[in-house]
Enquirer: 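Have a look at the structure that comes next, please.
Throughout, a chain's letter reflects where its sequence line sits, starting with A, and its residues are numbered from 1.
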Amino acid sequence: AQSVTQLGSHVSVSEGALVLLRCNYSSSVPPYLFWYVQYPNQGLQLLLKYTSAATLVKGINGFEAEFKKSETSFHLTKPSAHMSDAAEYFCAVTSNFGNEKLTFGTGTRLTIIP
Amino acid sequence: DTEVTQTPKHLVMGMTNKKSLKCEQHMGHRAMYWYKQKAKKPPELMFVYSYEKLSINESVPSRFSPECPNSSLLNLHLHALQPEDSALYLCASSHLMHRGTNTEAFFGQGTRLTVV
């Protein structure tokens, strides 16, 4: 069974400050990990994905995440927050063993303070 | 074209109505999904279709009936719903995940369903 835990259901940062959203995973098989963003009344948009080719993954809108097997973590960061980054962020996990189930974390709402 | 298109965007239905949600993709994906999302919650998987065959049903009540008429279309037929079924219904698609491959799911914008 696979799962992800997102620490902090609500994170607030000042505009221009570092964004750090935390995600820890649990998986008995090599995981595939994703970060999705959801703006109000919208669907989910993929920010980035871990493919096992590189531990540091760069995504859209200046976001990146680092896969750390020793810490079972896949935290999302952005050096400088913009007002447009305010949204709900979901970490998700699946496996490469033909399992189409994508398991989501509970989400982190990011608020940007002007 | 990397879009998943869902119609309608909004739907209000009574508890005795029958309605359908539609989803379409033209990315050649052979896996398609229905998710239900309540306010301030993550999406919950309802159904998965692989090669137009139902492969996963997450114990969803029979008042929700999925259908995959071809590789590009996915429907969700609704009948005798309850007010607690009000939610955002998301469709997604992806390439099938095989050993050693990785693929992401593309999501539609969702249908906001209100049951009155």
Side-chain angles (χ1 to χ4, degrees), chain A residues 1-6 8-10 21 23 27 29-55 57 59-60 65 67 74 87-111, chain B residues 2-7 9-10 21 23 25 27 29-51 53-59 87-114:
Chain A
Q2 303 154 313
S3 65
V4 287
T5 301
Q6 292 184 242
S9 59
H10 199 156
L21 304 183
C23 174
S27 179
V29 297
Y32 290 145
L33 293 158
F34 308 84
W35 275 101
Y36 284 88
V37 60
Q38 186 175 32
Y39 299 99
N41 298 312
Q42 303 260 331
L44 277 71
Q45 181 183 11
L46 182 72
L47 279 177
L48 48 81
K49 63 182 180 182
Y50 168 66
T51 65
S52 76
T55 56
V57 181
I60 62 171
F67 176 76
F74 190 57
E88 188 84 21
Y89 292 79
F90 292 99
C91 182
V93 64
T94 187
S95 77
N96 65 342
F97 281 73
N99 179 357
E100 290 86 12
K101 287 186 70 169
L102 188 62
T103 302
F104 287 91
T106 51
T108 297
R109 178 163 298 276
L110 177 64
T111 300
Chain B
T2 58
E3 277 194 358
V4 176
T5 304
Q6 289 187 243
T7 55
K9 289 189 175 7
H10 300 275
L21 309 184
C23 175
Q25 58 88 13
M27 293 177 277
H29 292 165
R30 302 307 294 273
M32 296 188 76
Y33 314 78
W34 280 115
Y35 285 86
K36 174 182 178 179
Q37 187 179 26
K38 300 285 276 186
K40 303 186 189 305
K41 296 290 187 183
E44 297 176 11
L45 183 65
M46 300 174 72
F47 303 104
V48 180
Y49 273 82
S50 304
Y51 291 112
K53 295 281 191 291
L54 184 65
S55 59
I56 296 176
N57 177 341
E58 292 289 280
S59 302
L88 181 67
Y89 288 84
L90 294 164
C91 174
S93 70
S94 73
H95 289 298
L96 283 163
M97 300 181 190
H98 300 292
R99 182 185 290 267
T101 67
N102 182 17
T103 182
E104 66 268 28
F106 290 79
F107 284 80
Q109 295 297 294
T111 294
R112 175 73 61 189
L113 174 67
T114 303

Enquirer: Between chain A and each of B:G108, B:P43, B:G110, count heavy-atom pairs under 4.5 Å; write down the option with the most.
Expert: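 Heavy-atom pairs under 4.5 Å are most numerous for B:P43.
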
Enquirer: If you round to the nearest 0.5 Å, how far is NZ of B:K41 from CD of A:E88?
Expert: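 The NZ atom of B:K41 is 11.0 Å from CD of A:E88, to the nearest 0.5 Å.
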
Enquirer: Got a list of side-chain donor-acceptor pairs under 3.5 Å for residues 36-43 of chain A, not counting sequence neighbours?
Expert:
residue: A:Y36; atom: OH; partner: B:A105; partner atom: N; Å: 3.2
residue: A:Y36; atom: OH; partner: B:A105; partner atom: O; Å: 2.8
residue: A:Q38; atom: OE1; partner: B:Q37; partner atom: NE2; Å: 2.9
residue: A:Q38; atom: NE2; partner: A:Q42; partner atom: O; Å: 2.8
residue: A:Q38; atom: NE2; partner: B:Q37; partner atom: OE1; Å: 2.8
residue: A:N41; atom: OD1; partner: B:R112; partner atom: NH2; Å: 3.1

Enquirer: What's the shortest heavy-atom distance between B:P42 and A:G105, and which atoms?
Expert: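 Where B:P42 meets A:G105 most closely, the heavy atoms are CB-O, 3.1 Å.
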
Enquirer: Find the distance between CG (A:L48) and CD (B:E104) and round it off to the nearest 0.5 Å.
Expert: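 If we round to the nearest 0.5 Å, A:L48:CG and B:E104:CD are 10.5 Å apart.
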
Enquirer: Do B:Y35 and A:L102 come within less than 4.5 Å of each other through their side chains, counting heavy atoms only?
Expert: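 Touching, per the 4.5 Å side-chain cut-off.
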
Enquirer: Looking at B:K9, I want to see if its NZ is surrounded by more than 12 non-hydrogen atoms of other residues, nucleotides or ligands under 6.0 Å.
Expert: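 For B:K9, atom NZ is not crowded (no more than 12 foreign heavy atoms under 6.0 Å).
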
Enquirer: Just jot down the side-chain hydrogen bond (donor to acceptor under 3.5 Å, both in side chains) partners of A:T111, sequence neighbours excluded, or say none.
Expert: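 Counting only residues at least two positions away or on another chain, A:T111 forms a side-chain hydrogen bond (donor to acceptor under 3.5 Å, both in side chains) with A:H10.
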
Enquirer: Below 4.5 Å from any heavy atom of chain A, which atoms of B:E58 appear? Answer side chain, backbone, both or neither.
Expert: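 The side chain, not the backbone.
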
Enquirer: What part of A:L44 gets closer than 4.5 Å to chain B, counting heavy atoms only: side chain, backbone, both or neither?
Expert: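 A:L44 touches chain B through backbone and side-chain heavy atoms alike.
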
